[in-house]
Amino acid sequence: MDRLGRDGRAMVTALVSLCCLGTAAQAQAVEVHNMRLWSAPDHVRLVFDMSGPVNANIFTLDGPDRVVIDLDSTDLDFDVDKLDLDDSAISKVRTGVRESGGLRVVLDVNRPVAPKSFTLPPNEQYSDRLVVDLDYPGASAVKDPIDPIEAMIRDQEIAAQRAQKEAVAEGKPEQAEVVASAVEAQPHPKRDIIIAVDPGHGGEDPGAIGPHGTREKDVVLDIARKVKQRFDQTPGFKAFLTRDGDYYIGLRQRTLIARQQKADFFVSVHADAVRSSQPSGSSVYALSQGGATSETARWLAASENQSDLIGGVDGNLSLDDKDEVLRGVLLDLTMTATMNDSLATGGQVIDQLGRINKLHKSSVEQAGFVVLKSPDIPSLLVETGFISNPREEAQLKSSAHQAKLAQAIYEGIVAHFRQHPPPSSLLAWQRDQGRGGASNEYRVQRGDSLSQVAASHNISMKALKQANGLDSDILRVGQVLTIP
């Protein structure tokens with residue numbers, strides 16, 4: 001009996017302990033203590049800051065359209081009315097307690113959305129987080145996307161450049177000449193040169209923070225907007241921002257946006273920071289050879305060939321139909337040309353920056369920054385100054401200094417394109433208006449082709465292309481060619 005009594009008491013103790021654990025678990029429900037929202041042109045991001053990890057079930061309902069977020073064993077300690085829903089697909093946020101326990105959040109939406117979510121563990125700045133992205137199917141990531149006619153012109157140029165590089169990569173330069181001989185001169189489109197301006201960081205990523213609390217994401221957006229404005233005020237150029245608000249874009253998504261918009265050039269704007277408050281000055285970075293090599297390897301990986309393209313995003317320029325050796329040569333050719341253009345333009349930009357600001361480095365640096373790794377778009381990353389330096393932090397907040405930095409970036413890029421305008425651009429057409437009278441110059445007429453012009457002057461097409469820096473088969477009516 002005594003033993004049974006001891007066993008009975010042990011069982012009772014265990015039951016009491018289980019009850020206490022259940023009560024404690026119930027009392028320690030995860031708490032949502034903050035919610036943050038960022039609106040972008042093609043999506044809205046909602047972040048739940050929580051006291052611990054949580055299981056989430058997210059689904060949509062229609063009639064009316066809603067997104068439902070069910071969080072197990074979760075309480076809400078945040079006023080959802082504080083959320084700024086302007087410029088987002090969310091018209092209202094409602095919350096309630098589920099019948100089975102836990103928190104239900106209902107998002108009333110005013111357009112079709114495709115929800116996706118992921119969780120993040122705690123870090124130095126934030127606790128556990130649930131991130132919910134509502135993508136807008138078919139929406140552009142930029143507010144003012146490229147005109148369809150300009151996009152078509154750029155696609156033709158890119159396809160011609162691709163054919164040219166393929167012929168060289170395959171060791172068949174005569175094939176490129178056959179292609180060129182069949183292409184008659186086209187009407188001159190006088191197209192805009194398209195510049196992608198990329199303000200670093202954004203949304204939940206503030207970037208570097210200065211000693212007086214200035215956030216990198218804010219100042220670089222201000223500078224980038226000024227850069228865009230200068231280009232848009234210049235005939236022959238059009239600029240767009242990869243982000244035009246306080247929201248986050250992934251690093252590779254930034255270059256993807258640039259390629260979707262058929263950009264001729266990509267410039268990413270940042271502000272440097274180090275532990276010391278002493279360093280100061282501007283820097284300009286282009287892609288390093290090591291970065292190019294690693295990117296080529298990434299692009300050649302079988303898993304990447306399904307999604308990554310060279311020269312476009314519409315699928316017609318995929319590398320999938322090329323063997324690995326040819327893909328490697330083609331990418332190397334493209335990367336080399338792109339890096340050379342980047343370095344040349346970087347030299348112009350750093351020269352302009354040196355006129356209005358101290359330079360941290362007097363020449364273009366090279367590094368493996370992800371945003372510089374587009375194989376087919378010349379790219380630069382500009383560190384406008386050290387936000388960790390109190391004096392430069394104050395300058396970076398100054399609208400007047402921002403305007404000077406923007407002007408320097410603008411002038412450096414414009415200087416490069418005035419020297420090397422794309423043949424179909426307004427700048428090339430303007431340049432050629434003052435040419436054509438010299439004995440070694442020929443103005444392209446309707447019906448001309450590259451092979452005909454070369455033959456009529458008793459030179460090879462290769463020599464004609466080299467003399468004029470042509471990497472495309474397309475001639476434009478009114479274009480002036482130098483005859484070597």
Side-chain angles (χ1 to χ4, degrees), residues 24-61 66-98 100-110 113-136 199-210 212-221 243 245-251 253-254 273 387:
Q26 194 172 22
Q28 294 175 0
V30 172
E31 187 176 88
V32 176
H33 52 77
N34 190 32
M35 293 169 65
R36 295 171 286 135
L37 183 143
W38 292 276
S39 297
D42 61 344
H43 73 278
V44 58
R45 168 166 289 186
L46 182 62
V47 177
F48 295 77
D49 293 312
M50 304 172 298
S51 61
V54 69
N55 291 323
N57 181 32
I58 301 174
F59 56 95
T60 59
L61 297 171
R66 290 152 290 164
V67 176
V68 180
I69 305 167
D70 284 343
L71 306 176
D72 293 343
S73 303
T74 303
D75 294 329
L76 179 66
D77 186 22
F78 175 76
D79 182 1
V80 296
D81 291 335
K82 292 181 179 179
L83 287 171
D84 182 1
L85 306 179
D86 290 347
D87 299 322
S88 78
I90 304 172
S91 55
K92 188 174 182 179
V93 179
R94 296 178 286 123
T95 64
V97 178
R98 298 162 56 199
S100 57
L103 175 67
R104 168 163 290 187
V105 178
V106 179
L107 310 177
D108 295 333
V109 293
N110 51 32
V113 298
K116 58 185 180 183
S117 66
F118 58 93
T119 59
L120 293 172
N123 60 20
E124 293 181 0
Q125 187 173 3
Y126 295 113
S127 59
D128 282 276
R129 285 150 289 160
L130 169 67
V131 181
V132 179
D133 285 333
L134 306 183
D135 292 337
Y136 308 156
H201 309 281
E204 64 268 44
D205 175 16
I209 299 177
H212 294 98
T214 306
R215 300 182 301 185
E216 179 182 3
K217 69 173 182 178
D218 298 328
V219 296
V220 298
L221 179 58
R243 73 171 177 95
D246 186 16
Y247 49 87
Y248 179 75
I249 304 173
L251 296 178
Q253 180 69 11
R254 295 167 188 264
I387 202 169

Heavy atoms, side chains only, cut-off 4.5 Å: are [X] and [Y] in contact?
| X | Y | value |
| --- | --- | --- |
| Arg243 | Val220 | yes |
| Thr60 | Pro115 | yes |
| Ile90 | Leu83 | no |
| Leu37 | Val93 | no |
| Val105 | Phe48 | yes |
| Arg94 | Val80 | no |
| Val109 | Val67 | yes |
| Leu120 | Val131 | yes |

[Y] backbone acceptor or donor facing [X] side chain under 3.5 Å:
| X | Y | result |
| --- | --- | --- |
| Lys217 | Asp205 | no |
| Arg254 | Pro199 | yes |
| Asp246 | Gly203 | yes |

Which atom pair, heavy atoms only, marks the closest approach of [X] to [Y]?
| X | Y | value |
| --- | --- | --- |
| Asp128 | Pro121 | OD1-CA, 4.0 Å |
| Met50 | Arg129 | CE-C, 3.7 Å |
| Val44 | Ser88 | CG2-CB, 3.8 Å |
| Gln125 | Asn123 | N-OD1, 2.9 Å |
| Ser91 | Asn110 | CB-ND2, 4.2 Å |
| Leu61 | Val68 | CD1-CG2, 3.7 Å |

*Worked verdict on Val30 versus Leu71 for side-chain contact (heavy atoms from CB on, under 4.5 Å)*: CA-CA 9 Å; Val30 172; Leu71 306 176; over 6 Å; no
Gap between atom [atom2] of [Y] and atom [atom1] of [X] - 0.5 Å precision:
| X | Y | atom1 | atom2 | result |
| --- | --- | --- | --- | --- |
| Leu103 | Asp77 | CG | CG | 11.5 Å |
| Asn57 | Arg104 | CG | CZ | 8.5 Å |
| Asn55 | Asp70 | CG | CG | 11.5 Å |
| Ile209 | Glu216 | CD1 | CD | 10.0 Å |
| Leu251 | His201 | CG | NE2 | 8.5 Å |

Query raised in the report: Yes or no on salt bridge (charged side-chain N to carboxylate O under 4.0 Å, His left out) for Asp79 and Lys82, after CA distance, side-chain angles and deciding distance?
Result: CA-CA 6 Å; Asp79 182 1; Lys82 292 181 179 179; 5.5 Å; no
Which is it for Leu107 and Ile69 under the side-chain contact (heavy atoms from CB on, under 4.5 Å) test, yes or no, and what are the steps along the way? CA-CA 8 Å; Leu107 310 177; Ile69 305 167; 3.9 Å; yes
Applying side chain to side chain donor-acceptor pair (under 3.5 Å), which residue pairs with at least one partner in residues 34-54 are found, sequence neighbours left out?
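Residue pairs passing side chain to side chain donor-acceptor pair (under 3.5 Å), neighbours aside: Asn34-Asp49, Arg36-Asp49, Arg36-Tyr126, Arg45-Asp133, Arg45-Glu204.
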**Asked** If you count the non-hydrogen atoms of other residues, nucleotides and ligands that lie under 6.0 Å from CG in Asp87, is the total more than 12?
**Response** no
